[in-house]
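What you see below is based on every heavy atom in this structure, not just the backbone, and it leaves out hydrogens, waters and symmetry mates. These numbers come from a predicted model, not from an experiment.
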Amino acid sequence: MTIHRTPLDPLSPLDEYLAVQHVLRQARLMERFFEDFVDENPMLRPHLPEMHCAYMDMLNEQLAPYALILALAITELEDAYPEIERPGTPR
């Protein structure tokens, strides 16, 4: 049995960004929540590890469908701005 695969239709960098923009907003919102509320509230500090794990699970679930698009967007960003590369990073 032969499996035929069709290549993915690549999106332009702007289309890639627009496709994940709503997910990035969610990630920014949660980061702000942790920085502005959780980190500053001493009563929540004992629950921080549990809350952080729950946040990471939710973020993983939300970003998983966009993993390829995010990877392509990051690659294009690195190609467009070589100065943002870290030393020792393989190309």
Side-chain angles (χ1 to χ4, degrees):
M1 178 172 148
T2 304
I3 298 174
H4 298 282
R5 295 184 179 168
T6 57
L8 294 173
D9 182 23
L11 298 172
S12 72
L14 179 59
D15 290 337
E16 289 171 352
Y17 172 74
L18 293 175
V20 297
Q21 190 176 31
H22 67 285
V23 178
L24 297 175
R25 277 195 209 114
Q26 291 174 8
R28 286 186 184 114
L29 177 68
M30 288 302 294
E31 287 296 321
R32 184 168 176 212
F33 172 74
F34 273 94
E35 289 172 3
D36 293 351
F37 183 69
V38 175
D39 291 346
E40 300 299 320
N41 190 331
M43 294 184 68
L44 293 176
R45 286 192 187 130
H47 306 285
L48 186 58
E50 185 179 342
M51 292 173 70
H52 184 72
C53 287
Y55 164 66
M56 295 305 289
D57 288 344
M58 290 170 54
L59 190 60
N60 184 40
E61 183 181 308
Q62 291 295 312
L63 293 178
Y66 304 98
L68 178 59
I69 293 171
L70 287 168
L72 291 171
I74 291 167
T75 301
E76 294 217 11
L77 183 65
E78 288 178 345
D79 290 346
Y81 299 97
E83 64 271 14
I84 65 172
E85 288 187 58
R86 290 183 228 162
T89 304
R91 287 248 334 134

Just verifying a value: how many Å separate [X] [atom1] and [Y] [atom2], rounded to the nearest 0.5 Å?
X	Y	atom1	atom2	value
T75	L70	OG1	CG	10.5 Å
F34	E40	CZ	CD	13.5 Å
E35	R28	CD	CZ	12.0 Å
Q62	L24	CD	CG	11.5 Å

When you compare the side chain of [Y] with that of [X], does any pair of heavy atoms fall below 4.5 Å?
X	Y	result
Y55	E50	no
V38	M51	yes
R45	P42	yes

- [ ] For D57, enumerate each residue passing the salt bridge (Lys or Arg N to Asp or Glu O under 4.0 Å) test, keeping only those at least two apart in sequence or located in another chain.
- [x] none

Task: Path from F37 to L29 over hydrophobic side-chain contacts below 4.5 Å - done: no

Task: Atom CE of M58 with >12 non-hydrogen neighbours under 6.0 angstrom - done: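 Incorrect, the count does not exceed 12.
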
Open item on the list: Looking at Q21, I want to see if its CD is surrounded by more than 12 non-hydrogen atoms of other residues, nucleotides or ligands under 6.0 Å.
Closed with: yes

